[in-house]
K.L.:
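Quick one: this structure, given as structure tokens, is what I'll be asking you about.
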Amino acid sequence: MNKQRALVTGGAGFLGSHLCDALLAESWSVVCVDNLLTGRQANIDHLRNEAAFEFVEKDICRPFDVGRVDYVFHFASPASPVDYTEHGIETLQVGSLGTFHALDVAKKYNAKYLVSSTSECYGDPLEHPQKETYWGNVNSIGPRSVYDEAKRFTEAVTMAYHRYHKVDTRIVRIFNTYGPRLQLNDGRVVSNFMKQALRGEPLTVYGNGSQTRSFCYVSDEIDGFLRLSKSNEHLPVNIGNPTEFTILECARLVLKVMGSKSKIAYEPLPQDDPKQRRPDITKARTLLGWEPKIQLEAGLRLSLDYFRTAVAAETSTAK
Ligand code: UDP
């Protein structure tokens with residue numbers, strides 16, 4: 001029997017690579033396309049000898065064709081504030097041009113399509129928790145706009161291909177996700193805190209740490225993607241863990257899990273940093289029967305080995 005073939009753009013990234021693993025485990029043949037701007041070969045090294053896996057280094061901001069595919073998972077984009085600030089233009093390009101090209105592949109092969117969007121579509125939300133029906137509070141010219149507006153445009157193009165070209169699309173709005181393969185230097189709060197605690201450095205809390213986030217462990221997040229991919233829902237669906245923490249609580253939890261005595265150092269809050277974020281996941285619960293299973297403390301423990309190894313590797317190459 002011929003295997004179903006999935007294309008994963010951004011497949012060497014944090015979430016993209018976990019998605020490749022999950023699809024291979026479900027017997028898909030996977031073609032992973034990534035230009036390695038923020039994705040890393042190390043995330044897919046373990047798949048090198050996998051017959052059903054193929055890696056193509058390519059920038060999807062140019063039209064591309066990797067042959068017949070049955071499903072397009074469009075995950076290419078810098079995604080952490082540090083990465084998309086450094087690569088602002090590329091972020092806008094992949095969200096716009098890259099999305100057209102990924103959708104063109106789906107249209108050409110009559111493939112199903114799922115795109116990664118983000119809680120950043122809600123901006124600094126005035127509605128809390130955030131339901132999919134909330135239109136958001138986004139600064140279109142601020143430092144985060146390169147990502148927020150790129151993803152809002154991604155959603156618009158996706159809905160247009162669905163409406164005008166009848167492409168069978170899905171949109172997942174991803175909330176803060178963490179776990180193994182988070183890049184040590186992506187500046188995300190979990191990577192920073194884990195790295196700082198392991199090095200015995202102070203944990204850098206921006207502002208007074210009262211801003212909130214809701215953290216989803218990567219295996220729960222991927223389970224949500226797979227369920228959505230099998231559904232017929234075309235409108236956006238939030239996938240994230242609804243348990244909300246202040247950033248200070250998150251710092252204290254990291255110290256507890258690590259048994260660390262690191263201090264907390266307060267640093268200025270970045271501009272337009274959202275004050276609160278928590279998904280309303282009623283839609284994912286009712287439509288997909290999805291529920292996150294791993295809470296933050298357990299997830300941090302599950303991530304420990306990865307961060308230990310990554311910090312040790314960084315320390316040894318720095319010597
Ligand atoms: N943050 C922090 N210290 C850090 C990194 C981030 O206090 O070393 C804060 C950041 O200001 C934000 C939250 O943690 O309020 C989450 O930041 P992250 O970059 O992980 O993602 P965001 O949710 O802002 O996209």
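Indexing begins at 1, ligand by ligand and atom by atom, following the structure's order.
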K.L.:
Under a 4.0 angstrom heavy-atom cut-off, which atoms of ligand 1 come close to Gly187?
P.N.:
5 (C), 19 (O)

K.L.:
Is it true that the side chains of Thr204 and Gln196 contain a donor and an acceptor less than 3.5 Å apart?
P.N.:
yes

K.L.:
Under 3.5 Å, N or O to N or O, is Arg213 touching ligand 1 that way?
P.N.:
yes

K.L.:
Quick one: look at Ile247 and ligand 1, take heavy-atom pairs under 4.0 Å, and tell me if it's side chain, backbone, both or neither.
P.N.:
side chain

K.L.:
Would you say the side-chain atoms of Gln183 and Asp83 include a donor-acceptor pair closer than 3.5 Å?
P.N.:
no

K.L.:
Side chains of Asp168 and Tyr71: donor-acceptor distance under 3.5 Å anywhere?
P.N.:
no

K.L.:
Using the rule side-chain hydrogen bond (donor to acceptor under 3.5 Å, both in side chains), only one of Arg152, Arg173, Glu155 pairs with Ser117; which is it?
P.N.:
Glu155

K.L.:
Heavy-atom contacts with Asn192 under 4.0 Å: which atoms of ligand 1 show up? List them by number with element.
P.N.:
4 (C), 5 (C), 8 (O)

K.L.:
Tell me yes or no: between the side chains of Ser119 and Gln130, is some donor less than 3.5 Å from an acceptor?
P.N.:
no

K.L.:
Given that the side chain starts at C-beta and the backbone is N, CA, C, O, which of these parts of Arg144 lies under 4.0 Å from ligand 1, counting heavy atoms, or is it both or neither?
P.N.:
side chain

K.L.:
Can an N or O of Arg188 be found at a distance shorter than 3.5 Å from an N or O of ligand 1?
P.N.:
no

K.L.:
Out of Val189, Leu203, Leu248, who is nearest to atom 18 (P) of ligand 1 when you count heavy atoms only?
P.N.:
Val189

K.L.:
Applying a strict 4.0 Å limit to heavy atoms, is Glu120 in contact with ligand 1?
P.N.:
yes

K.L.:
Closest non-hydrogen protein atom to atom 5 (C) of ligand 1, residue and atom name please, with distance?
P.N.:
Tyr206 CE1, 3.3 Å

K.L.:
Looking only at heavy atoms, is any part of Gln211 under 4.0 Å from ligand 1, and if so is it the side chain, the backbone, or both, or is it neither?
P.N.:
side chain

K.L.:
Hey, can you tell me if Tyr122 and Tyr134 have their rings parallel, tilted or perpendicular (30° and 60° cut-offs)?
P.N.:
parallel

K.L.:
Is Asn176 touching ligand 1 with its side chain, its backbone, both, or neither, if touching means heavy atoms under 4.0 Å apart?
P.N.:
side chain

K.L.:
Main chain of Val31, side chain of Arg5: is a donor-acceptor contact present, judged purely on distance under 3.5 Å?
P.N.:
no

K.L.:
Just to check, does Glu267 reach to within less than 4.0 Å of ligand 1 when the distance is taken from its heavy atoms?
P.N.:
no

K.L.:
Sequence neighbours left out, what passes side-chain contact (heavy atoms from CB on, under 4.5 Å) with Arg227? Give chain and number order.
P.N.:
Asp223, Leu288, Trp290

K.L.:
Identify the protein heavy atom lying closest to atom 10 (C) of ligand 1, giving its residue, its atom name and the separation to 0.1 Å.
P.N.:
Asp273 OD2, 3.3 Å

